[in-house]
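In this text, all values refer to a predicted model and were calculated from it rather than measured experimentally.
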Amino acid sequence: MSLTVTSPPFLDVVDYAGDNWLRCWFTGLDAEAIGRGISTPRTVEAWSETMAAVFAELHRLTRRGGFVAFEVGEVRRGKLRLDEVVLPLGLRAGFKAHGVLVNSQTFTKTAHIWGVGNNDKGTNSNRVVLFQR
């Protein structure tokens, strides 16, 4: 592959199957079955182990000179920035890091849907780590 753009599950903070049930229904997919196959580790250590395996596979599949854009966010009320966890994982897998793009927002993406005050809970930034093989 020459380019992979991905956004893995952010630890245990999102119910991906529940949040995508309507999309699955429209496409004839079983949201519960898909949800059972999504990794949602509860600790940073377990998440890092899962992501290390993902990076090993991405490195195997990515052509020399190819890129991986790995989008994550901050969790735990902004105290844990997953780009800071991802960067060393990608380097250990053999990638070169080109940088981190941080898109800060003045609102929480799902704040109004879930009745949460802006910038109180949820992911308030997107963080894309760009790697090259």
Can you name the nearest heavy-atom pair linking L89 to S48, along with the distance?
CD1-O, 3.8 Å
Same cluster or not: are V54 and I34 linked, directly or through other Ile, Leu, Val, Met, Phe, Trp or Tyr residues, by side-chain heavy atoms under 4.5 angstrom apart?
yes
Give a yes or no answer on whether the side chain of T4 reaches the backbone of V68 with a donor-acceptor pair at less than 3.5 Å.
no
Run the side chain to side chain donor-acceptor pair (under 3.5 Å) test against Q132 and tell me which residues pass, sequence neighbours left out.
H98
Please determine whether residues F67 and M1 belong to a single hydrophobic cluster, defined as Ile, Leu, Val, Met, Phe, Trp and Tyr linked transitively by side-chain heavy-atom distances below 4.5 Å.
no
Minimum-distance pair of heavy atoms, taken over all atoms of M51 and P8
SD-CB, 3.6 Å
Looking at every heavy atom in both A56 and A93, which two are closest together, and how far apart are they?
N-CB, 4.3 Å
CD/E71 to CG/N103 distance, rounded to the nearest 0.5 angstrom?
9.0 Å
Using the six-membered ring wherever Trp is involved, compare the ring planes of F95 and F131 and label them parallel, tilted or perpendicular (cut-offs 30° and 60°).
tilted
Smallest separation among heavy atoms of L91 and A97, with atom names
CD2-N, 3.8 Å
V86 and V44: same hydrophobic cluster, using ILVMFWY side-chain contacts below 4.5 Å?
yes
State whether the side chain of R133 and the backbone N or O of T62 hold a donor-acceptor pair below 3.5 Å, judged by distance alone.
yes
Determine whether a donor-acceptor pair (N or O, by modelled atom type, separation under 3.5 Å) exists between the side chain of W47 and the backbone of P9.
yes
Inter-residue atom distance E32.CD - R36.CZ, 0.5 Å rounding
6.5 Å
Once rounded to the nearest 0.5 Å, what's the spacing between atom CG of L130 and atom NZ of K96?
10.5 Å
Do L82 and V75 have side chains that get closer than 4.5 Å, going by heavy atoms?
yes
Spatial distance of atom CG (L29) from atom CZ (R23) [nearest 0.5 Å]
10.5 Å
Is V128 close to V5 at the side-chain level, that is, under 4.5 Å between some pair of heavy atoms?
no
Going hydrophobic residue to hydrophobic residue with side-chain gaps under 4.5 angstrom, can you get from L61 over to F70?
no
Pairwise distance CG(N126) to CD(E74) - rounded to 0.5 angstrom:
8.5 Å
